[in-house]
Number of protein chains: 2
Amino acid sequence: MAASSGELAGRDTCDATIIDTGAVQQVRSALSGIRSRKTACDIHGAIGDPTRHLLLEALAVMPLCVCDLAELSGVSSSAVSHQLRALRDLDLVAFEREGKRAVYRLADEHVRSLLALGLEHSAERGSGL
Amino acid sequence: MAASSGELAGRDTCDATIIDTGAVQQVRSALSGIRSRKTACDIHGAIGDPTRHLLLEALAVMPLCVCDLAELSGVSSSAVSHQLRALRDLDLVAFEREGKRAVYRLADEHVRSLLALGLEHSAERGSGL
DNA sequence: TGAACGCATGAGCAAACGTTCACATGAGAT
DNA sequence: ATCTCATGTGAACGTTTGCTCATGCGTTCA
């Protein structure tokens, strides 16, 4: 803490076998406050799969049932159901039964923001920014 | 054409019954404008790995060299180097040589936003929102 | 009531992924 | 110059993962 008051304090002391500089300790303490790292990983990992990403993008347009999502994504409805369950477990999507169909929708606006941010970054990257 | 761009469903998978052709077509055309889907997937997928997520979080605190990151993440510097390369290929991190060390930093503020959004969503999820 | 349909779930398999290991490169240190 | 350290890279290996197949459950309609 105290040793880390300088911006990059201790980074130059990477000598010998001990790497544990003030920088490492500072970062360690900064990261120790994060309690939901695993879930955040799971969320990004879920969005990172091409099929699930497509499902989420589709649901960002409008709520859809499993069969429509299967049609859109080009995989079996069984696969879609599996992936939707994964997304449901992370509270990225929610669903509602309508007769024999299950109509899925995005859970909230966070998901939309995550999708948008990823697309935004990749778009800028692609144009050589 | 709209329907032919990307890997959007060109074929009927559940060909027996089309539930809502209009909805499917509408979503299809809405998604056809997205050209950077694959890169966006890769970005989220990269952030989704626990090790890479930790590396990014650490770099969100301050720039760090490979050995510090290895110490922080608890994996070998070789593994860190591999993961940093993946992150570099996606322009999520950048690096700068300082003597025999390579000091990595976040590429831009988008990455910080992506990390923050994921953590925010997972935090709300955890508290039962 | 029975058949068809939409959806969910478990097992199994092939592909992808992350780590370790071994080695190469380049920059300080002796 | 030589040695050591920090890093980068390719190959191999064990694990994970997403798909398909088969099956079960609940709903709708004849």
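None of the values given here were measured: they were computed from a predicted structure. In what follows, every chain begins at residue 1, and chains take the letters A, B, ... in the order their sequences are listed. All heavy atoms count here, side chains included; hydrogens, waters and symmetry mates do not.
Counting only residues at least two apart or on different chains, the ring pair (Phe, Tyr, Trp, His ring centres under 6.0 Å) pairs with a member in residues 26-76 of chain B are A:H44-B:H44. Listed by first and then second residue, the salt bridge (charged side-chain N to carboxylate O under 4.0 Å, His left out) pairs that reach into residues 108-122 of chain A are A:E109-A:R112, sequence neighbours excluded.
Nucleotide D:dG8 holds its P atom 12 Å from the CG atom of B:D89, rounded to whole Å. For the pair B:F95 CZ and C:dA27 C1', the computed distance is 14 Å after rounding to whole Å. Residue A:L69 contributes atom CG, which lies 9 Å from atom P of C:dC7 at whole-angstrom precision. Rounded to whole Å, the distance from CG on B:L84 to P on C:dT19 is 11 Å. Rounded to whole angstrom, the span from the CD atom of A:E71 across to the C1' atom of C:dG6 amounts to 15 Å. Regarding A:L87, its CG atom lies at a distance of 15 Å from the C1' atom of C:dA8, rounded to whole Å. C:dG6 atom P lies 19 Å from atom CD of A:E96, rounded to whole Å.
Atom-to-atom distance recorded for B:S113:OG and A:H121:NE2 is 10.5 Å, nearest 0.5 angstrom.
Of the candidates D:dT7, C:dT19, D:dT9, the closest approach to any side-chain atom of B:V75 belongs to C:dT19.
Of the side-chain N and O atoms in A:R52, one or more sit less than 4.0 angstrom from OP1 or OP2 of D:dG18. Listed pair A:Q83 / D:dT17 fails the phosphate criterion, with no side-chain N or O lying under 4.0 Å from OP1 or OP2. Proximity of B:Y104 to the phosphate of D:dA6: no side-chain N or O atom is located under 4.0 Å from OP1 or OP2. Residue B:R101 has no polar side-chain atom (N or O) positioned under 4.0 Å from OP1 or OP2 of C:dG26. At C:dT19, one or more side-chain N or O atoms of B:T51 fall inside 4.0 Å of OP1 or OP2 (strictly under the cut-off).
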Give the B/S/- string for nucleotides 21-30 of chain D, one per nucleotide from 5' to 3', where a protein heavy atom under 4.0 Å of the base yields B, of only the sugar-phosphate yields S, and otherwise -.
BB----SS--
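Under the rule for a side chain to side chain contact (heavy atoms under 4.5 Å, CB included), A:R35 has no partner lying at least two apart in sequence or in another chain. Under the side chain to side chain contact (heavy atoms under 4.5 Å, CB included) criterion, B:V75 pairs with B:T51, B:S73, B:A79, B:V80, not counting sequence neighbours. By the side-chain hydrogen bond (donor to acceptor under 3.5 Å, both in side chains) test, A:S81 is found to be paired with no residue, residues two or more places apart in sequence or in another chain being considered. Scanning for side-chain hydrogen bond (donor to acceptor under 3.5 Å, both in side chains) contacts around A:D49 gives an empty result, with sequence neighbours left out. A:K38 meets the side-chain hydrogen bond (donor to acceptor under 3.5 Å, both in side chains) test with A:D42; sequence neighbours excluded.
In the model, B:S122 has a side-chain atom that pairs as donor or acceptor with a side-chain atom of A:S36 under 3.5 Å.
Within residues 41-50 of chain B, the residues approached by DNA chain C to less than 4.0 Å at the level of any non-hydrogen atom are B:D49, in residue-number order.
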